[in-house]
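Input: a single structure, listed below in structure tokens.
Below, each value reflects all heavy atoms present in this structure, side chains not excepted, and no hydrogens, waters or symmetry copies. In this chain, numbering begins with 1 at the start of the sequence shown. Counting convention: from 1, in listed order, for ligands and their atoms alike.
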Amino acid sequence: MFNYKNVNLDIIQGDITEIQADAIVNAANNTLLGGGGVDGAIHRKGGKIILEQCKKIGGCPTGEARITTAGNLPSKYVIHTVGPIYKDGNSGEEKFLYNSYYNSLRLVKEYNLKTVVFPSISTGAYKYPIEKAVKVVLKAIKDFIDIENSPEEIIFVLFNENDYLLYKNYFKSELNN
Ligand code: AR6
């Protein structure tokens, strides 16, 4: 467990659909109509109410975020954000990824939520190199905490052991605790 200012930062290895929190974040696509990876798992386990709400929302631009119920999942809400597809690193990917985390946290605050769980957005099907992504992630959440002093806890869930260890090592090297 790490912390930055008053916010607890946890890094765990596992399946995001099994975690109980106020909100889990979905690595969605612009249609918000589902897909593979985290998105597939969330819609499968959450049930069709999530898809129904996503249809009403009608899509989401890259870097933005939208919120729905979590249906049958143990959390209360799903925040759907769309990370960038990684091309060459010079196509605005960093800013889009930063915005995905930052705008998700804005919704967490707007809904008065205390705990939120993030997967590693864009580092699967969207091919963002995770060693680059983790730097953007920590920058975005620190900037948000600096300004908003919220939420109480942010959990990062990594699916495989290499990603988990990479996150842990990076957070350890950047945060003095
Ligand atoms: N729990 C936690 N992490 C997971 C899970 C899970 N159940 N399943 C996969 N991961 P991805 P993206 C990890 O591809 O790169 C979808 O089709 C995975 O190992 O889910 O943002 C959408 O509809 C990887 O490290 O998201 C979009 O079209 C990370 O989650 C597209 O994929 C993200 O992988 C979005 O691609």
Side-chain angles (χ1 to χ4, degrees), residues 9-55 57-68 70-89 91-105 107 115-138 140-141 153-171:
L9 306 175
D10 287 316
I11 298 170
I12 60 174
Q13 190 186 345
D15 179 347
I16 198 164
T17 62
E18 288 174 3
I19 301 172
Q20 188 170 6
D22 291 334
I24 60 172
V25 177
N26 183 17
N29 61 56
N30 294 127
T31 69
L32 295 187
L33 298 180
V38 177
D39 200 8
I42 286 176
H43 279 281
R44 229 175 4 257
K45 285 205 194 168
K48 65 177 192 302
I49 183 140
I50 299 179
L51 186 60
E52 281 164 12
Q53 293 190 6
C54 282
K55 278 183 183 158
I57 293 167
C60 179
T62 306
E64 294 190 19
R66 302 288 184 266
I67 192 165
T68 67
N72 300 325
L73 293 166
S75 295
K76 289 186 202 141
Y77 295 95
V78 176
I79 293 171
H80 306 262
T81 189
V82 184
I85 297 171
Y86 195 87
K87 297 193 182 81
D88 52 10
S91 306
E93 293 96 333
E94 191 175 323
K95 190 64 186 164
F96 283 123
L97 189 65
Y98 180 99
N99 288 349
S100 280
Y101 282 87
Y102 203 96
N103 287 326
S104 296
L105 288 171
L107 283 172
T115 57
V116 59
V117 189
F118 281 99
S120 179
I121 296 161
S122 281
T123 68
Y126 282 179
K127 300 269 192 304
Y128 205 119
I130 192 162
E131 66 280 1
K132 289 193 168 76
V134 69
K135 296 179 182 174
V136 180
V137 173
L138 190 55
I141 64 122
E153 184 171 31
I154 304 174
I155 300 166
F156 299 93
V157 60
L158 289 313
F159 211 41
N160 68 59
E161 192 177 13
N162 280 350
D163 292 351
Y164 166 73
L165 293 174
L166 187 147
Y167 253 68
K168 258 191 21 180
N169 288 333
Y170 184 69
F171 275 56

Is Glu94 salt-bridged to Lys135, cutoff N-O under 4.0 Å?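 Salt bridge absent between Glu94 and Lys135.
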Any heavy atom of Ile130 under 4.0 Å from ligand 1? The part involved is neither
Passes side chain to side chain contact (heavy atoms under 4.5 Å, CB included), Thr81 versus Ile121? Steps please. CA-CA 8 Å; Thr81 189; Ile121 296 161; 3.5 Å; yes
Relative to the heavy atoms of [X], which atoms of ligand 1 are at a distance of less than 4.0 Å?
| X | result |
| --- | --- |
| Asp163 | 25 (O) |
| Gly14 | 1 (N), 2 (C) |
| Asp39 | 22 (C), 23 (O) |
| Gly36 | 16 (C), 17 (O) |
| Ser120 | 29 (C), 33 (C) |
| Asp15 | 1 (N), 6 (C), 7 (N) |
| Ala27 | 21 (O), 22 (C), 26 (O), 35 (C) |
| Ile16 | 1 (N), 2 (C), 6 (C) |

Closer than 4.0 angstrom: is that true for some heavy atom of Ser122 and an atom of ligand 1?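 Yes, Ser122 has heavy atoms under 4.0 Å from ligand 1.
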Please confirm whether Gly40 approaches ligand 1 to less than 4.0 Å, judged on its heavy atoms. no
Give yes or no for whether the N/O distance cutoff of 3.5 Å, strictly under, is met between Tyr126 and ligand 1.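 Looking only at distances, the answer is yes, because the N/O contact criterion of under 3.5 Å is met.
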Side-chain donor-acceptor contact under 3.5 Å, [X] with [Y]:
| X | Y | result |
| --- | --- | --- |
| Lys168 | Tyr164 | yes |
| Thr62 | Asn30 | yes |
| Ser91 | Asp88 | yes |

Heavy-atom side-chain contact between Val116 and Val25 under 4.5 Å: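 In short, these two side chains touch, coming nearer than 4.5 Å.
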Phe171 side chain reached by Val134 side chain, heavy atoms, under 4.5 Å: yes
Heavy-atom nearest neighbour of atom 8 (N) of ligand 1 within options Leu33, Thr17, Val38: Val38
Which of the listed options, Ala125, Ala28, Gly35, holds the heavy atom that is closest to atom 14 (O) of ligand 1? Ala125
Parallel, tilted or perpendicular: rings of Phe118 and Tyr101 (30°, 60°):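 Tyr101 and Phe118: tilted rings.
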